[in-house]
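I have placed the structure first, in the form of structure tokens, so that the comments after it can refer back to it.
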Amino acid sequence: LAQGIGGRRRAPRRGVSSGAQSWPPLRQSLLAALRSHAMLDFGLLVCLVVVAVVVLSTLVSSVLELCRRTPPAASKRREATCTDEEQPSASRKVVAVIGGGLSGLVCCKRFLDEGMEVVAFERSDKLGGVWVWRPGADGKTYASLRANVHKERLQLEYFPMPKSWARYPSHWQLQEYLEAFVRHFDLARLYKTRTEVTACSFDEASESWTLRYRGVGEEEERSLQVDAVAMCVGQACEPYAPTYPGQETFRGRIMHTVEYRGQADFQGKRVMVVGAGAASGTDVAQDLSFGAQQVFLSVRKGIILLPRFVGGRPNAEWFERNFWNYVPLAWLYRLIVLSFSMVMSETFGTGSDVKHGIPVPTVMETLRTGLDECRLADMTTTDCCNLTQRVAMGAVRLKGAIERFEETGVRFQDGSFEELDAVIWATGFKRDSAGLCCRVGREGEESKSLRLWRMVWHPSLPNFACCLQTHPYGSHWAVADAEARWIATVFAGRVSLPPADRREKAAAEVAEHQSQ
């Protein structure tokens with residue numbers, strides 16, 4: 001176009017170069033205008049493409065979210081069938097749920113979604129499991145307990161927690177949340193409270209389960225035949241307590257954190273907490289330090305203290321899905337965050353953990369984990385408040401491994417001795433097998449201990465599953481709900497499991513590993 005408008009080439013004028021003469025001012029201005037318009041059009045095109053991609057991705061995400069939240073017509077029909085009182089129970093699969101904690105409640109909800117008939121059992125008088133405050137021996141919660149997973153990851157996706165709650169709810173709030181969950185999904189009608197199941201027997205001929213149960217404190221047993229059983233007694237069934245030489249001669253009190261309710265019983269006493277645990281050891285040690293005369297925390301190896309908040313955000317948010325997951329060598333980012341958490345105590349003006357005698361893993365110990373998140377998690381304990389500050393103030397003193405007990409105290413492997421009034425084990429629970437609340441197995445072969453495939457399924461008995469027998473790093477509640485959904489789809493026949501021999505082999509390998 002510019003050449004057409006420019007016409008023929010003229011002879012150059014005197015004093016003007018041929019190059020300048022060959023591009024007249026009009027042609028140059030037209031070319032500049034065309035170039036600017038082309039760049040403008042290109043920029044507009046890029047902007048339009050970006051906007052189109054964003055709009056399209058938003059629409060696709062909205063449609064997928066709508067499809068995920070909106071049950072299909074078949075599911076609606078199943079839900080209608082489940083709540084139809086005129087529908088005879090014989091036409092539906094009957095499932096027994098043992099346990100009224102979080103895992104039992106989500107299993108009941110998932111089974112109802114699949115159109116099953118549910119009969120549930122709970123030994124206590126309230127639903128909610130370990131989160132229900134009970135001051136006596138039946139309780140498992142201490143007064144100062146708070147969740148060590150922030151509420152956005154703890155809450156169930158279809159039943160959010162109130163926005164006004166703190167990021168880490170107290171056990172009182174979690175009990176309130178579970179009570180609201182029971183009311184919302186009308187689960188209380190399914191439960192026989194103050195009822196304990198004594199045995200679950202599988203009959204090969206009828207391919208069904210027979211449950212024997214009785215009221216708490218009663219001798220007379222009753223039986224119930226069901227199609228499937230979901231054992232939801234959780235993982236805090238049987239506490240693990242180590243033994244040391246001379247322990248029987250100790251004149252003080254020895255207990256497990258599962259028995260700890262608060263510091264009132266230990267005012268003015270010298271108490272030692274053994275083990276940091278995932279959170280309970282540091283929690284109890286700090287709670288005791290505000291009333292006891294002196295608190296000791298005994299740990300055998302270095303620990304990584306992970307504050308609940310790192311950089312003003314809940315610690316788990318640094319490890320969730322974000323753009324770092326798509327960056328090469330993302331493990332390096334995770335290692336930096338963990339290292340950063342070890343010196344976060346500097347923010348409070350107390351100095352580093354090492355400065356005050358809190359042992360931390362060495363560089364070689366960290367590298368020997370292969371920077372594997374699961375192995376690093378085993379070295380990590382959640383700091384409920386600021387353990388470093390309590391140690392710096394002398395309220396909590398760190399001690400090493402125990403050598404033996406004596407009448408008035410404990411002698412440690414470094415030769416030191418401390419007089420004690422009480423010792424509290426923060427050593428977790430037994431996980432070498434499923435510590436069941438009743439005997440399970442084929443008729444005449446029932447046992448309270450068994451192996452599990454994927455920590456969920458019985459390797460050889462059909463239609464028997466355990467929910468939340470594993471110990472995940474992160475939200476236990478999300479894992480319980482995922483397992484409940486898996487169990488429900490298998491019981492409903494929509495998903496199949498691998499052959500029994502494969503499940504048995506894998507379960508045996510896990511059992512052997514856990515026994516070492």
Side-chain angles (χ1 to χ4, degrees), residues 82 88-90 92-112 116-130 132 134 136-140 178 182 185-238 433-450 452 456-458 461-469 480 483-484 487-488 491:
C82 179
S89 59
R92 295 181 293 171
K93 180 172 286 189
V94 182
V95 181
V97 175
I98 304 174
L102 182 276
S103 57
L105 297 178
V106 294
C107 277
C108 287
K109 193 265 181 189
R110 292 295 185 180
F111 294 153
L112 292 178
M116 302 179 190
E117 183 177 348
V118 179
V119 182
F121 302 88
E122 168 56 34
R123 192 176 187 278
S124 66
D125 58 345
K126 291 184 179 180
L127 303 179
V130 298
V132 177
R134 299 182 180 93
D138 291 335
K140 295 184 178 180
L178 292 178
V182 170
F185 294 104
D186 193 20
L187 302 180
R189 62 183 175 85
L190 308 175
Y191 273 88
K192 299 179 185 293
T193 56
R194 294 194 57 79
T195 304
E196 57 184 3
V197 179
T198 58
C200 300
S201 304
F202 180 71
D203 182 29
E204 297 279 4
S206 61
E207 295 186 351
S208 63
W209 288 86
T210 300
L211 272 66
R212 292 192 292 274
Y213 64 95
R214 65 190 177 192
V216 175
E218 298 179 2
E219 295 294 335
E220 182 182 358
E221 290 188 349
R222 301 178 182 180
S223 62
L224 174 69
Q225 191 173 32
V226 297
D227 299 303
V229 177
M231 185 71 67
C232 306
V233 296
Q235 51 192 292
C237 291
E238 190 173 357
S433 62
L436 304 180
C437 65
C438 65
R439 293 175 289 113
V440 176
R442 290 179 173 83
E443 191 73 37
E445 302 177 2
E446 298 89 346
S447 172
K448 277 194 173 184
S449 181
L450 48 83
L452 295 174
V456 176
W457 299 99
H458 194 288
L461 295 177
N463 293 330
F464 179 88
C466 292
C467 186
L468 201 58
Q469 281 292 330
E483 289 183 350
I487 295 170
F491 284 175

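Note that the coordinates shown come from a computational prediction; the quantities given were computed from them, not determined experimentally.
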At what distance, to the nearest 0.5 angstrom, does CG of Leu461 lie from CD of Glu204?
7.5 Å
From CD1 (Ile487) to OG (Ser103), nearest 0.5 Å:
8.5 Å
For Leu178 versus Gly128, what's the shortest heavy-atom pair and its separation?
CD1-O, 3.5 Å
Given ring pair (Phe, Tyr, Trp, His ring centres under 6.0 Å), test Phe202 with Phe464 step by step and report yes or no.
CA-CA 9 Å; Phe202 180 71; Phe464 179 88; 9.9 Å; no
To the nearest 0.5 Å, what is the distance between CE on Met231 and CG on Leu452?
10.0 Å
Without hydrogens or angle criteria, can the side chains of Glu122 and Ser124 be said to hold a donor-acceptor pair below 3.5 Å?
yes
Closest approach of Val132 and Leu127, non-hydrogen atoms and distance?
CG2-O, 3.5 Å
side-chain contact (heavy atoms from CB on, under 4.5 Å) between Arg222 and Leu211, worked out:
CA-CA 8 Å; Arg222 301 178 182 180; Leu211 272 66; over 6 Å; no
Indicate the atoms forming the closest heavy-atom contact of Gln225 with Ser208, along with that distance.
NE2-OG, 2.7 Å
Check: Leu468 main-chain N/O paired with Glu483 side-chain donor or acceptor under 3.5 Å
yes
Scan Leu187, Val226, Leu112 and name whichever one has a side-chain contact (heavy atoms from CB on, under 4.5 Å) with Val118.
Leu112
If you take all heavy atoms of Trp209 and Gly441, which pair is closest and at what distance?
CZ3-O, 4.1 Å
I'd like to know if the side chain of Thr198 reaches the main chain of Arg212, judged simply by a donor and an acceptor atom lying under 3.5 Å from each other, with no hydrogens or angles considered.
yes
Those residues at least two apart in sequence (or on a different chain) that pass side-chain hydrogen bond (donor to acceptor under 3.5 Å, both in side chains) with Glu207 are none
Under 3.5 Å: donor-acceptor pair, side chain of Asp227, backbone of Val94:
yes
Minimum-distance pair of heavy atoms, taken over all atoms of Cys232 and Val97
SG-CG1, 4.0 Å
When rounded to the nearest 0.5 angstrom, what is the spacing between CZ in Arg442 and SG in Cys200?
14.5 Å
Could you grab the distance from atom CZ of Arg134 to atom NZ of Lys126, nearest 0.5 Å is fine?
7.5 Å
Just say parallel, tilted or perpendicular for the rings of Phe121 and Tyr213, cut-offs at 30° and 60°.
tilted
Quick check against the 3.5 Å criterion: does Lys93 have a side-chain atom that pairs as donor or acceptor with the backbone of Phe491?
yes
State, with a plain yes or no, whether a side-chain heavy atom of Val233 is found less than 4.5 Å away from one of Gln469.
yes
Measure across Gly99 and Tyr191 and return the closest heavy-atom pair with its distance rounded to 0.1 Å.
O-OH, 2.8 Å
State the CD1-SG distance between Ile98 and Cys107, to the nearest 0.5 angstrom.
11.0 Å
Apply the test salt bridge (charged side-chain N to carboxylate O under 4.0 Å, His left out) to residues Arg214 and Glu196: give CA-CA distance (whole Å), side-chain angles for both, the deciding distance (0.1 Å), then the verdict.
CA-CA 6 Å; Arg214 65 190 177 192; Glu196 57 184 3; 3.0 Å; yes
